[in-house]
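The next block holds one structure in the form of structure tokens; read it before the comments.
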Number of protein chains: 2
Amino acid sequence: MTSIHDVARRTGVSIATVSRALRGLPNVSPRTRELVQAAAAELGYVPSPSASGLSGGRHRAVALVIPSTGRWFYNRVVEGADSVLRGEGFDTFLVILAATMRNRQDLFRNALLRKRSDAVIALGIDFTVAEKEELRDLEMPAAVVGSAVPGVHSVGVDDAAAATAAVEHLLGLGHRRIGHIGGETAYGMDRSVGEDRSTAWREALERHGIAPHPSWHGLGQFLMPPAKAATTRMLHGEEPPTAIFAGSDEMAFGVLVAAAELGLRVPEDLSVIGIDDHDWSESYGLTTIRQDPYEQGRTAARTVLDALAGVESPILTRRSGFELVLRRSTGPLPRG
Amino acid sequence: MTSIHDVARRTGVSIATVSRALRGLPNVSPRTRELVQAAAAELGYVPSPSASGLSGGRHRAVALVIPSTGRWFYNRVVEGADSVLRGEGFDTFLVILAATMRNRQDLFRNALLRKRSDAVIALGIDFTVAEKEELRDLEMPAAVVGSAVPGVHSVGVDDAAAATAAVEHLLGLGHRRIGHIGGETAYGMDRSVGEDRSTAWREALERHGIAPHPSWHGLGQFLMPPAKAATTRMLHGEEPPTAIFAGSDEMAFGVLVAAAELGLRVPEDLSVIGIDDHDWSESYGLTTIRQDPYEQGRTAARTVLDALAGVESPILTRRSGFELVLRRSTGPLPRG
DNA sequence: GTGAAAGCGCTAACAA
DNA sequence: TTGTTAGCGCTTTCAC
């Protein structure tokens with residue numbers, strides 16, 4: 001494993017100069033810098049993260065905290081964040097909050113995390129009050145993806161607006177009995193995302209003078225199987241809806257499967273809309289509100305990287321865009 | 001950030017003793033050890049991975065190399081591996097082989113990876129010959145999940161056997177026109193997994209005197225959308241199959257969606273079987289060959305951890321189990 | 001059973 | 001512009 005000394009020896013300069021040259025610091029003559037860079041490349045030298053972490057406090061790693069690996073959204077964010085991090089020479093290490101609460105004690109106060117990484121990106125997590133404070137008081141850059149935490153950088157769609165757009169689409173098609181499969185109860189999930197979407201659904205209906213029937217609100221935990229089950233129950237209820245707004249595309253898939261099993265045609269008998277534009281949505285012909293988690297991950301990564309570089313942007317809550325994608329799963333309310 | 005010195009001061013012993021006590025090394029009196037452990041707990045002391053990495057060469061981290069985050073199988077393996085790693089105090093850091101080849105140069109020779117982690121777990125990767133050698137010659141423990149690499153620890157199902165079981169199931173139901181949606185062409189994937197399954201399909205048919213029609217073999221890239229597209233083409237061909245064996249459940253979902261769109265009833269008009277037992281398969285009523293990637297991840301993690309502890313097991317290729325899970329997507333060939 | 005001291009490979013003053 | 005030096009927080013001889 002070649003060290004900084006090897007590069008120094010090879011170039012005839014001191015290790016301090018090698019360090020400066022390689023990190024792009026000033027006070028290095030262009031010629032020296034070139035020489036050093038050439039030697040480093042030739043020798044395949046890569047600075048030891050342990051050593052620089054110890055001495056300079058820079059570990060060249062950021063922690064990515066996710067509730068689980070099981071949802072499309074998280075995976076996309078992880079890939080997005082990792083792509084810019086790796087591009088800048090940072091490693092990404094994963095903190096998966098398993099179903100067991102164990103890993104979650106003092107989540108952000110956790111010394112290991114702090115001793116190993118330079119920044120934290122946390123996604124879609126239903127933070128406790130204590131955790132929000134920990135996050136805010138963390139002595140390193142942090143960003144959250146999904147929901148806003150006061151005092152911390154965040155990226156995400158405006159959930160209320162996105163959900164409203166979905167419901168308005170159904171209302172515009174003439175539907176009035178509009179059900180909703182929400183995700184707000186899942187453990188460890190960002191509660192506010194699910195709640196904001198559900199609240200927006202309810203309020204949109206009420207604005208149009210519709211009082212949602214209690215059976216129109218099902219709980220899908222942001223997962224396909226429970227969404228399917230909830231939909232089946234809903235469609236068996238009295239006054240079944242003619243349209244369903246699912247809080248995520250994965251839940252919308254569950255709605256579609258449930259409908260198919262009951263022999264309902266989509267969109268003739270039931271219109272379905274989701275949020276996300278999952279990789280599979282086009283194949284399902286699912287109408288949805290598209291958002292871009294990959295880009296959100298990239299933005300979060302850039303934010304913490306900027307902060308590490310001293311470029312502290314004042315913008316705290318960043319809203320990423322969304323758009324309605326029309327496909328085959330929604331249609332006008334048939335004249336009854 | 002409390003350091004080893006704080007613990008030493010608090011206990012009145014030297015830092016060397018603290019180090020020994022905490023790591024469970026011999027030559028520490030029981031009483032001292034207790035005192036040290038108590039003080040460490042009280043102070044919330046966690047050894048700095050950078051420092052121990054630098055001095056002792058133990059980083060307490062393992063690299064998890066995955067092609068992408070987009071497939072269920074990988075995610076399950078990652079969660080499984082992470083669960084045991086974290087349990088032993090190791091961090092998991094991710095190396096995602098993006099679609100761009102960039103990250104892949106000298107994959108396992110990559111100094112950064114070696115300077116940061118104690119072991120490597122690589123999954124489902126279509127290794128080049130050079131990479132297989134790098135992996136074998138790596139001066140740290142390694143394990144692969146999915147396919148066997150000669151000379152390296154590996155875990156995975158016997159793909160040929162699992163695929164054969166799937167096809168035999170369809171044959172047993174009387175089907176003879178059995179199509180296959182395979183995954184062997186996807187970039188960056190472990191080619192042998194897809195190929196082994198496809199070969200097994202072909203051989204099973206041939207053993208029964210059936211010459212598979214060329215149109216019966218579609219390419220699904222281990223992803224749902226291309227699997228759906230390939231299925232649609234296959235079912236539109238001459239001599240459409242009465243049953244389809246998909247190389248993974250995600251591809252089987254694509255088959256189901258394609259069939260539904262064409263108005264085919266499952267299993268009356270088309271039987272479908274997959275491999276995996278994906279989280280969603282039960283909701284789809286999909287008959288499948290179940291395997292357990294979570295457990296495979298755990299096994300891989302234990303293997304490298306054992307090796308790090310000096311317990312080098314001689315078993316190189318570990319076969320993990322599979323079983324047929326009967327659901328509603330397969331049925332007897334209707335008498336034509 | 002325990003401590004002192006030398007390093008691991010870097011970064012960050014401070015000199016020159 | 002460059003080099004020297006003192007750590008960063010541990011592990012690991014080697015003494016005691």
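Here the structure is a predicted model, which means the values were calculated and not measured. Note on naming: letters A, B, ... go to the chains in the order of the sequence lines (proteins, then strands), and numbering restarts at 1 for each one.
Within the 4.5 Å cutoff, no side-chain heavy atoms of Val95(B) are placed close to those of Val120(B). The shortest side-chain heavy-atom distance between Glu79(B) and Pro293(B) does not fall under the 4.5 Å cut-off. Between Met140(B) and Val62(B), every side-chain heavy-atom pair lies at or beyond the 4.5 Å cut-off. Inter-residue side-chain proximity for Phe127(A) and Glu134(A) is flagged as unmet; no heavy-atom pair is nearer than 4.5 Å. Pro150(A) is listed as a side-chain neighbour of Arg136(A), based on a closest heavy-atom distance under 4.5 Å. Using a 4.5 Å heavy-atom cutoff, the side chains of Leu123(A) and Gln296(A) are not in contact. Side-chain atoms of Arg114(B) and Val46(A), non-hydrogen and from C-beta on, never get closer than 4.5 Å to each other.
Between Arg33(A) atom CZ and dT1(D) atom P there is a gap of 10 Å when expressed in whole angstrom units. Leu25(B) has its CG atom 16 Å from the C1' atom of dC14(D), to the nearest Å. Leu22(B) has its CG atom 16 Å from the C1' atom of dT12(D), to the nearest Å. As rounded to whole Å, 14 Å separates atom C1' of dT2(D) from atom CG of Leu35(A). Remark: C1' of dT12(D) and CD1 of Ile15(B) are 11 Å apart, rounded to the nearest angstrom. As rounded to whole Å, 17 Å separates atom P of dC16(D) from atom CG of Asn27(B). Rounding to whole angstrom units, CG of residue Leu54(B) and P of dC10(D) are separated by 12 Å. Here dT11(D) presents its P atom at 13 Å from CG of Asp118(B), a figure rounded to the nearest Å.
When every heavy atom of Arg10(A) is checked against every heavy atom of Ala39(A), the shortest pair comes out as CG-CB, 4.1 Å.
Using a cutoff of 4.0 Å between basic side-chain nitrogens and carboxylate oxygens, Arg302(A) and Glu88(A) are not scored as salt-bridged.
Taking every nucleotide of DNA chain C with any atom under 4.0 Å from a non-hydrogen atom of chain A, the first and last of them, 5' to 3', are dG9(C) to dA13(C).
Between Tyr45(A) and Val28(B), it is Val28(B) whose nearest contact on DNA chain C lies nearer the 5' terminus.
Here Ser55(A) does not reach the OP1 or OP2 of dC8(D): none of its side-chain N or O atoms lies under 4.0 Å away. The phosphate of dC10(D) (OP1 or OP2) has no side-chain N or O of Ser48(B) nearer than 4.0 angstrom. Regarding contacts with the backbone of dT2(D), a side-chain N or O of Ser29(A) is found under 4.0 angstrom from either OP1 or OP2.
Rotation axes derived from the C1' atoms of the five outermost pairs at either end of the helix from dG1(C)-dC16(D) to dA16(C)-dT1(D) lie 40° apart, to the nearest 10°.
Taking the side chain of Ala16(A) as heavy atoms from C-beta on, and the options dG3(D), dT2(D), dT11(D), the nearest nucleotide is dG3(D).
Base engagement by Arg20(B) is indicated by at least one non-hydrogen atom pair under 4.0 Å involving a base atom. Within 4.0 Å (heavy atoms only), Ser50(A) reaches no atom of the nucleic acid at all.
Between Asp91(A) atom CG and Leu64(A) atom CG the span is 12.0 Å, to the nearest 0.5 Å.
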